[in-house]
Structure formats: structure tokens, C-alpha cells
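Heads up: the structure comes next, in C-alpha cells.
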Amino acid sequence: MIIEHTSVNPTKPLHIGHGRNAVLGDTVARLLRERGYTVEVHNYIDDLGRQMAETLVALSEARGRMRGKFDHHLGRLYAEFHQRLETSPELEERVREVLRGLERGERVAEEARRVAERCVRANLQTTDRLGVSYDLLVWESDLVRSGLLQEVLERFKATPYLVRGEGEKLGTWILRLPGEEEKVLIRSDGTAVYTARDIAYQLWKFGCTRASLRFRFHSRRRDGTRTYTTSQRGRVMKRFGGADVVINVVGAEQKFPQRVVSLALKALGLERQFENSHHLAYEHVRLPEERFSGRRGTWMGFTVDEVVEEAVSRVERLMGERSAGTPLRRVSEGVGVGAVRFSLLSTSPEKEIVFKWEEALDLDRNSGPAVQYSYARACSILRKAGGRIKGTLPPVFKLGEEKELLKQLAQYPEAVRLAAERKQPSLLARYAAELSLRFNKFYEVAPVLEAETEELRVSRLRLVRGTKVVLGNAMRLLGIPLLERM
RNA sequence: GGGCCCGUGGCCAAGCCAGGACAAGGCGGCAGCCUUCUAAGCUGCAAAUCGUGGGUUCAAAUCCCACCGGGCCCGCCA
């Protein structure tokens, strides 16, 4: 299986909405791997688009030194540039000139790649912090130069579905599928629209193209996994691409183009690939009064970097009020990340999230930290119990809380199966929160170490151990850091 | 004009696809619980015409129709 997610233009930092995409895709990848599938995660980098062209012009005009992370720097430049663009027609002409250069693969395309590369490295620092990993970075420039796009377009010209535009659309090539709205794929100036490239990429993902890409090692993620990248100077590697199932994590507003991508496969007679193309759609994260806009810079203050940092410092403040003694930074980092990941996952993707700090950084019940807290409590009990837990006899329980906890533990496999099958991490997030709630109610009324009888003590210890294992597994799948103490 | 998604206590939200017993859970509010395994916890109370109106059914938050409110799509933008 191939899962494509994140795919942010390499001209800006990730805002919290991009964070939703990345965390959603990352968690679905973890879930499907758990279910036994071989999953390859892609992050698509559009280094030839209009945003890139605008950023290059903005960069060439920039005065003064860079502040902070490179992606933030670019994002600010871009927003400033857009204000000037509205009143300066000559800037618009320069942007078009650069865009043409990018299309033709002129020298400016190399500069674009260098700038984008720096931005992607900065973006990866952000996703690393969230525990998100990628197997492959796919660059649009490599896709185009491999001849993939050409090949795919030639293939469509041999079908009755790619037709020459007429009248207002003279000079274009239009994809016209029976019973569907038509879509221009080639502009009258001969350049391909974004959807055309998406179609070519989709075909490559399924291993349905002759043109091949080259790869090389890019960087190592924090969890030790390796990320590769497409590269003109790389090697041909058989391991990438050629999937049976493709899942694209893309915003719900792109339902139409995503539909065109999968229908295009059908038009080429690739029925099975059509059936196995999935658009995992999600609604955006927005502010109470407005949407996030790169052009207007409304994302400022709501980047993933800033949200995570705020989460971590809130946790530190909370820990400062309590008796310390634990390695502060490592714990607060883990709890902050857990809070952000959980809050992005716990709402169903088809629902819009209106960003509010109190909700995004929830540390109370029904949150990432709440789950982490229960896990730490379970670890603490087991630590104090010490040694091996003996006993293979059927457990002796007498309290309702024990039975409720046991029942919840038993439902874990079904929760994972359902979350993976429906590609809905929120189901597992709910499960984990519920399990942590049941565990809390259990340890409140059921002394473990000081249980009345040895039999009961062993039974409860096994229940605590079961909770630790199951909660830990759920947390790993959700990407919520496991902390033995907090 | 055509199409898609959302609408559940003051706020967030599960359940809807596979219709059934008093509609989860959380935040906020109120009242309690720390010489005992971490109070990021636990207990209790108040708070819901499940957007509105029809229909199907023994039974509807859940299925069907219409309407209202919010968001999105229908570009030689991405």
C-alpha cells in the first residue's frame, strides 16, 4: 500500500491544519502496518508550482537577514510579497517568467530545488517532533523530468477520452469521461495542469508506467527509519512504487480532482487500480473568524512548531507547580506532543475543527495526556510490585470496575480492526481514552499492592499489566509517546 | 443553477454506514474526596424538543423526502 500525506508546498511552515493531515496519514499508516500490510509512505513535494515561483521572486527581493527557521522565514516573505503583488503588475510579470522557467526546466528550476530542499528539511524537523515518518519524498521536478507525464499523456491520446478543446478551450486537451464533468488536462500553452501530474503520479504509484524514477537516501528520522528521495542522480530501486492500494490524504475540497484522478485509471482500463484508489478526505482546521491563508499570513501564530511549543511549555508550567523529580524536559515534550496528536486525531476527519487553544492543548480527561497518565500509573504499580507476576490460575475478581476494565481490554483487537478498516484513527483514540477512564475508576476502588488476599493481588496485577500492554500498544499506533513516569 | 460534507446539553463531542431498552464521554458550573499503588485522578448534582417539518417502521439521533443554518466544490488555480 502507498499512503501519500502531508504534501505541503515547500514554501512555508506547517500550520496546524497541515498537522492534521500529517498526523492522520501517519496514524493510518501505523494502523495498516499493524494489520499486516506493507505500507510505503510518500510526501509529495511540489517544487515547480506557482507558490514556488512566487517564493523565488520574493526571495530575490528580500532585504535584511533571515530570522528563525527557514520555513517560517519563507512563509513570512511569501505573505509580505502577496501584499505587494496586488499593487504591482510588474511583479506579476516576473512571477510568470519564473514559472515558465520552472516548467521548461531552466536554471531557475535548480535554484527552486535548492530552496525547496532547505524548506523541506525545516518541515521535517517539525514532523519529526510529532513522530511522523516518511519512506519517500517524491519531487514534482523529478516526476516531470523522468518523462512520466509525457508517457501518460501519450497513453491517453490513444483513448477516445482525451479530446482537443474547441471554442473557448481551443488548443487545450480535455479529459472527457462518459457521464462525468470534463476536465482540462493540458493548457493551450502546452503545460499540464496539476491534476494531470496527479494522474501520472497515481499511475506510477500503481506500477503502471514504463518511465522509472531514481532514488537516493535523504535523511534519517528520529525513530531510526530511513527516508529516501527521488533524485535525478540517484539509483533505480525496485522497492518503491508498484502498490496494490493507494491512499491519498488530501483535503475534502479536492474531492472533484481526486475523483478525476481515479476515474482516469478506469478510462485506461485499469479497473482494479480504480477500485483501489482511495481519497482519505478531511475537513480543514480553521480559526473562529477566518480560514488559514498563506497569502494573508493568517497561519502566523498557529504553526505546528508554535502549537507544540505552547503545549510543551504549558505542561512544564503544570509540572513546576507539582513536586518535580522526573526528567522535566523529556516528559513535558512527550506530554505536549501527545496532547497535540490526540486532539488532531480525536475528531472525525469529516468534521471541521475550529482551533481553540484550550481544546487543542487539553490536558484533562479524554485527552492524550490523560491516556499517558493512566499508562504511567500502571507502570508505577508494576514497578512497585517488582519482579515477575506469578499465577496462571483464573483470576478472582469481585468488583464491577474490574469487570468493566477487563471487558474494555477484550475489545482492543476489534477497535484496531475497525479503525484500520475504516481508516478512522479517531475510533482508536476514543478507545484509548475510554480504556484510561475505566482504568482510573478501577485503581480508585481496587487496591492492588495491598489487596486483601494474595490471590486477589496477583489477579489485579495481571489486570494492571494487561492494561499497560494494551494501552501502550494503542498509544504506539496513535503516535502518543509512552512515558513510564509523569 | 448542479453536487458534496457538517448541524446532538452553555461549549466540544461519540453514537448514524449494519434502526431497538433511561442518548456515551469531556470542558465549564455546583457539592464532596489527598497521613494508603502519582489529585494530569475519583464520587455525586444540575443541564439535550438529537437543526425544522413530513414519511417508512411495532420501534428513528440512526433509513427516505423537503426545508433551514454553516462550510466546501463545480477554473487553461493548486
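Naming: A, B, ... by sequence-line order, numbering from 1 per chain.
If you measure from atom CD of A/E444 to atom P of B/C34, you get 11 Å, rounded to the nearest angstrom. Atom P of nucleotide B/C76 and atom CD1 of A/I186 are separated by 13 Å, given to the nearest angstrom. Separating the CD atom of A/Q254 from the C1' atom of B/G3 is a distance of 17 Å, rounded to the nearest angstrom. One atom, CZ of A/F342, and another, P of B/C27, lie 12 Å apart when rounded to the nearest Å. Rounded to an integer number of Å, the gap from A/K12 NZ to B/A78 P is 14 Å. Distance CD (A/E484) to P (B/U38): 13 Å, rounded to an integer number of Å. Atoms CZ (A/R383) and P (B/U38) sit 8 Å apart, rounded to a whole Å. Atom CG of A/L361 and atom C1' of B/G26 are 16 Å apart (whole Å).
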- request: Quick one, give me the B/S/- string for nucleotides 8-19 of chain B, reading 5' to 3', where B means a protein heavy atom under 4.0 Å from the base and S means that only happens at the primed atoms, P, OP1 or OP2.
  value: ---SSSSS-BB-
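Applying the 3.5 Å distance criterion, the base of B/C37 shares no donor-acceptor pair with the side chain of A/S380.
Taking A/L418 as the reference, A/E414, A/R422, A/L427 meet the side chain to side chain contact (heavy atoms under 4.5 Å, CB included) condition, with sequence neighbours excluded. With sequence neighbours excluded, the residues forming a salt bridge (Lys or Arg N to Asp or Glu O under 4.0 Å) with A/R259 are A/E180, listed by chain and number. With sequence neighbours excluded, the residues that form a salt bridge (Lys or Arg N to Asp or Glu O under 4.0 Å) with A/R176 are A/E182. For the salt bridge (Lys or Arg N to Asp or Glu O under 4.0 Å) test, residues two or more places apart in sequence or in another chain that qualify with A/E402 are A/R460. In this structure A/E289 satisfies the salt bridge (Lys or Arg N to Asp or Glu O under 4.0 Å) test with no other residue, sequence neighbours excluded. Scanning for side chain to side chain contact (heavy atoms under 4.5 Å, CB included) contacts around A/S262 gives A/F274, A/S277, with sequence neighbours left out. By the side chain to side chain donor-acceptor pair (under 3.5 Å) test, A/R50 pairs with A/E54, A/E92, sequence neighbours left out. For A/R35, the side chain to side chain contact (heavy atoms under 4.5 Å, CB included) partners are A/Y37, A/V416, A/R417, A/A420, not counting sequence neighbours.
A/V335 comes within 4.0 angstrom of a nucleotide base, judged by non-hydrogen atoms across all strands. Nucleic acid contact class of A/K441 (heavy atoms, under 4.0 Å, all strands): sugar-phosphate only. Heavy atoms of A/R365 sit under 4.0 angstrom from primed sugar atoms or phosphate atoms, though from no base atom.
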Under 3.5 Å, sequence neighbours excluded: what are the donor-acceptor pairs made by side chains of residues 249-257 of chain A?
unit_1: A/E253; atom_1: OE1; unit_2: A/H284; atom_2: NE2; d: 3.0
unit_1: A/E253; atom_1: OE2; unit_2: A/H284; atom_2: NE2; d: 3.4

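A parallel orientation is assigned to the rings of A/Y201 and A/Y44, their planes being inclined by less than 30° (bins at 30° and 60°). Under the 30°/60° scheme for interplanar angles, the aromatic rings of A/F292 and A/F302 are found to be tilted.
Residues A/V315 and A/L361 fail the side-chain proximity criterion, which asks for heavy atoms closer than 4.5 Å.
Taking the O4'-C1'-N9-C4 or O4'-C1'-N1-C2 dihedral as appropriate, B/C73 has a value more than 90° from 0 and is therefore anti.
Closest approach to the A/Y194 side chain among B/C27, B/C5, B/A78 is made by B/A78 (side chain taken as heavy atoms from C-beta onward). When the nucleotides B/A78, B/G26, B/A40 are ranked by their closest atom to the side chain of A/N366, B/G26 comes out on top. In the set B/C74, B/G41, B/C76, B/G41 carries the atom at the smallest distance from any side-chain atom of A/N440. For A/F256, the side-chain atoms get nearest to B/C73 when compared with the rest of B/C73, B/C5, B/C37.
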Dot-bracket pairing map - RNA chain B, Watson-Crick plus G-U, both contacts under 3.5 Å, | cross-strand: (((((((..(((.......[....))).(((((.......))))).....(((((..]....))))))))))))....
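For the C1' atoms, the distance linking B/C58 with B/C65 amounts to 23 Å, nearest Å.
Residues from residues 165-177 of chain A that place a heavy atom under 4.0 Å from any atom of RNA chain B, listed by number: A/E168, A/K169, A/L170, A/T172.
Under the 4.0 Å criterion applied to side-chain N and carboxylate O atoms, A/K356 and A/E358 are not assigned as salt-bridge partners.
Both A/V184 and A/F442 sit near RNA chain B, but only A/F442 has its closest nucleotide nearer the 5' end.
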